[in-house]
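In what follows, a single structure is set out as structure tokens and then discussed.
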Amino acid sequence: MLKRELCPVCQNNPVAVNYIRDGVTHYRNRCASCIRKRKKLKPQPPAWFRSGYRKKECCERCNFKAKIPVKQLFVWHVDGNLKNNDWFNLKTICANCQIELAGSRLAWKPATIVADF
Ligand SMILES: [Zn+2]
Ligand SMILES: [Zn+2]
């Protein structure tokens, strides 16, 4: 990474410098303290998952039945508010409908795949 950002693990210190080449500073993906403590960023389930919502087996828009749900089905927020994880606001949408929705005027937004806190 080329920008000095906050350490994503502790959200406390800026990330450590990795090396400087041709006047460009390259940074590590964690701060010095997290590297020393070997702290790793644990993948957290997304907020909608923590709310207890589970993907359906088929698309709730066109009823497409997915063979590979992880790759073919996605969770969408009906009201476009990614923080609203009420079940009535969440819909399981297939990859095809996702493309159609992205081009439509509906407020629907795809849910984050990783945690958003
Ligand atoms: Zn850190
Ligand atoms: Zn669909």
Side-chain angles (χ1 to χ4, degrees):
M1 78 170 83
L2 291 168
K3 235 174 78 202
R4 190 156 210 186
E5 283 164 0
L6 264 189
C7 167
V9 181
C10 62
Q11 304 277 347
N12 228 339
N13 314 306
V15 291
V17 172
N18 194 5
Y19 58 90
I20 301 169
R21 186 185 287 160
D22 302 328
V24 181
T25 314
H26 295 254
Y27 297 101
R28 313 282 300 262
N29 58 5
R30 286 168 290 165
C31 71
S33 143
C34 286
I35 292 168
R36 210 167 337 114
K37 292 181 199 149
R38 294 170 189 276
K39 270 198 193 164
K40 281 209 192 94
L41 196 56
K42 281 199 203 100
Q44 297 278 350
W48 58 261
F49 188 90
R50 280 178 279 130
S51 81
Y53 182 82
R54 293 298 178 267
K55 276 189 207 172
K56 305 277 191 309
E57 277 180 13
C58 34
C59 173
E60 291 187 85
R61 192 164 173 263
C62 68
N63 279 322
F64 166 79
K65 194 157 185 335
K67 287 198 185 82
I68 320 161
V70 183
K71 291 193 173 155
Q72 294 174 302
L73 292 174
F74 306 88
V75 176
W76 277 59
H77 295 260
V78 176
D79 70 352
N81 178 1
L82 300 186
K83 295 203 157 54
N84 184 356
N85 290 294
D86 285 328
W87 290 7
F88 63 79
N89 190 42
L90 298 167
K91 285 251 180 289
T92 300
I93 295 297
C94 73
N96 195 36
C97 286
Q98 185 158 253
I99 293 164
E100 288 181 24
L101 279 169
S104 79
R105 283 163 173 270
L106 289 168
W108 293 36
K109 276 217 182 99
T112 39
I113 294 165
V114 287
D116 52 358
F117 58 90

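Nothing here was measured: the structure is a model prediction, and the numbers come from that model. Hydrogens, waters and symmetry mates are skipped; everything else that's a heavy atom, side chains included, is used. Ligands are counted one by one from 1 in listed order, and the atoms in each one are counted from 1 as well.
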Within-2.8 Å protein N/O/S contacts of the Zn ion (ligand 1):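 Metal shell, protein only: Cys7 SG, Cys10 SG, Cys31 SG, Cys34 SG.
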Value rounded to 0.5 Å, distance of [atom1] in [X] from [atom2] in [Y]:
X     : Y     : atom1 : atom2 : value
Trp76 : Cys59 : CH2   : SG    : 11.0 Å
Asn12 : Cys34 : CG    : SG    : 8.5 Å
Arg36 : Cys31 : CZ    : SG    : 8.0 Å

Short side-chain to backbone donor-acceptor contact, Lys39 and Cys10, under 3.5 Å: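 No; zero donor-acceptor contacts below 3.5 Å.
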Inter- and intrachain pairs under salt bridge (Lys or Arg N to Asp or Glu O under 4.0 Å), touching residues 93-103, at least two apart: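 As it turns out, the salt bridge (Lys or Arg N to Asp or Glu O under 4.0 Å) pairs with a partner in residues 93-103, which skip direct neighbours, are Arg61-Glu100.
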Transitive ILVMFWY side-chain link Leu106 to Leu90, under 4.5 Å: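 In one cluster: no.
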Results of side-chain contact (heavy atoms from CB on, under 4.5 Å) for Lys56 - residues two or more places apart only: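 In terms of side-chain contact (heavy atoms from CB on, under 4.5 Å), with neighbours along the sequence ignored, Lys56 is linked to Tyr53, Glu60, Thr92.
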Flag if over 12 foreign heavy atoms under 6.0 Å of CZ, Phe64: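 Result for CZ/Phe64: enclosed.
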From Asp79, Leu101, Asn89, residue fulfilling side-chain contact (heavy atoms from CB on, under 4.5 Å) relative to Trp108: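 Only one of Asp79, Leu101, Asn89 forms a side-chain contact (heavy atoms from CB on, under 4.5 Å) with Trp108, namely Leu101.
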Under 2.8 Å from the Zn ion (ligand 2), the protein N, O or S atoms, given as residue and atom: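 Atoms qualifying: Cys59 SG, Cys62 SG, Cys94 SG, Cys97 SG.
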